[in-house]
Amino acid sequence: MVRFGLVGLCWSLGGTLALLAFGSSLDISPKARELHFRSIVVDTHDDTTQMLLDPKFDLGARHAEGNIDIPRMREGGLGGIFFSIWIPGTVTGPGAVKRARAQIDAVRETVAKHPNDLVLATTVEDVRRAHASGKIAALMGVEGGHMINSDLGVLRDFAGLGVRYMTLTHSVNDEWADSSTDKPAHNGLTDFGKQVVREMNRLGVMVDISHVADKTFYDALVISEAPLIASHSSCRAICDAPRNMTDQMIKDLAAKGGVIQINYHVGFLSQEFRDATKAHPEIDKEANARIKERCGENEACQILEGARLTRQAMLDGKLPRVEWTKIIEHIDHAVKLVGADHVGLGSDFDGAVMPFGMDDASHLPQITDALLKKGYSEADIQKILGGNTLRVMEQVEATSKRLGGKR
Ligand SMILES: [Zn+2]
């Protein structure tokens with residue numbers, strides 16, 4: 001989930017119509033198609049949960065808006081999806097815990113409603129079994145440590161309900177960790193923050209360092225006994241956003257076995273786009289006013305409307321147009337730095353503004369096609385598509401077992 005002036009994602013009407021016409025016939029090679037659909041494709045970050053809170057939303061129907069639903073996951077060969085449990089970092093205390101629980105419940109109920117397509121997965125074994133039986137593995141990650149209300153018991157409850165990663169902060173500091181988009185208050189992780197990381201290791205919950213301050217990342221890297229993930233971050237060398245990772249951070253993450261799952265958000269992919277939004281704050285301001293007027297406090301509506309307006313600004317030439325191939329640039333940059341064992345996919349679908357050509361999950365096979373064309377081996381592509389994420393999950397499971405955590 002991104003929280004910059006323009007929240008949200010989605011596309012313009014023009015994009016939607018093009019998608020309806022061509023979405024099912026992507027221009028990719030038969031070899032890419034075959035490889036993609038036999039691979040376990042795992043996306044570590046999707047904000048579709050906000051839509052699931054609306055009882056009228058049907059994940060089983062194909063939608064013209066948003067990026068994720070069962071038909072489009074099927075078309076894109078998405079085999080595992082981490083539904084993000086997210087509320088703004090400014091919502092704290094018992095209210096934050098309550099809202100997080102409601103979202104966990106919404107994901108679990110959605111899975112229960114679609115037993116032929118979805119299965120709740122809490123282990124790598126579950127994900128592999130789901131893939132073998134032709135189902136999509138639904139997993140959960142909590143996006144922001146504020147949702148545990150500084151209570152390890154709540155963290156344990158979340159783990160018991162199936163949460164398999166937690167992002168240590170969202171876009172503001174929480175009580176025990178600094179965020180990359182807030183003023184430092186804790187010099188990284190507090191002592192309690194370090195305890196949280198240790199307890200996550202014991203419980204088998206992956207430590208996610210997307211959104212956190214660089215110092216928080218390094219503190220977590222030292223404390224954690226298991227590899228870390230950056231569930232939805234891209235490369236700062238290409239786009240200088242604090243949410244992205246520097247080359248050195250990517251190297252240090254990889255040296256401890258971790259994975260950076262590349263984020264598809266236009267503001268994290270393209271320096272040109274980022275510079276333009278800074279140079280023209282009025283675009284952001286105007287969009288925010290319209291979002292507020294149209295959506296009030298409805299987060300799902302804000303996401304869709306924000307993305308629609310941003311897409312429109314790109315179409316109107318007010319902001320530079322960002323193409324999906326930027327995703328490949330970031331993947332390739334990270335692979336050149338640390339090899340193919342430490343890079344994965346963390347789209348931020350339904351929580352950010354997608355580049356043109358990656359309008360929704362049905363476009364995922366294009367990534368396989370592009371990597372094949374770049375000369376990547378089939379084995380390396382399979383790792384990037386999901387194998388690396390599953391390897392970290394396995395290592396986190398093994399660490400949990402060693403530390404005596406209950407599974
Ligand atoms: Zn996010």
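For the numbers below, each heavy atom of this structure counts, side chains included, while hydrogens, waters and symmetry mates do not. Counting starts at 1 for both ligands and their atoms, following the listed order.
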(request) Say whether, by atom type as modelled, one donor and one acceptor occur between the side chain of Ser179 and the main chain of His170 under 3.5 angstrom. (result) yes
N/O/S of [X] less than 2.8 Å from the Zn ion (ligand 1)?
X: His211; value: yes
X: Glu143; value: yes
X: His232; value: yes

(message) When you measure from the centre of the six-membered ring of Phe356, is the NZ or CZ of Arg321 closer than 6.0 Å and no more than 45° off the axis?
(response) yes
(request) Taking all heavy atoms of Arg274 and all of Cys239, pick out the closest pair and write down the distance. (result)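 Looking at all heavy atoms of both residues, the closest pair is CD-SG, 3.7 Å.
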(message) Are Ile136 and Val119 packed together at the side-chain level, in the sense that at least one heavy-atom pair is separated by less than 4.5 angstrom?
(response)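 Not in contact.
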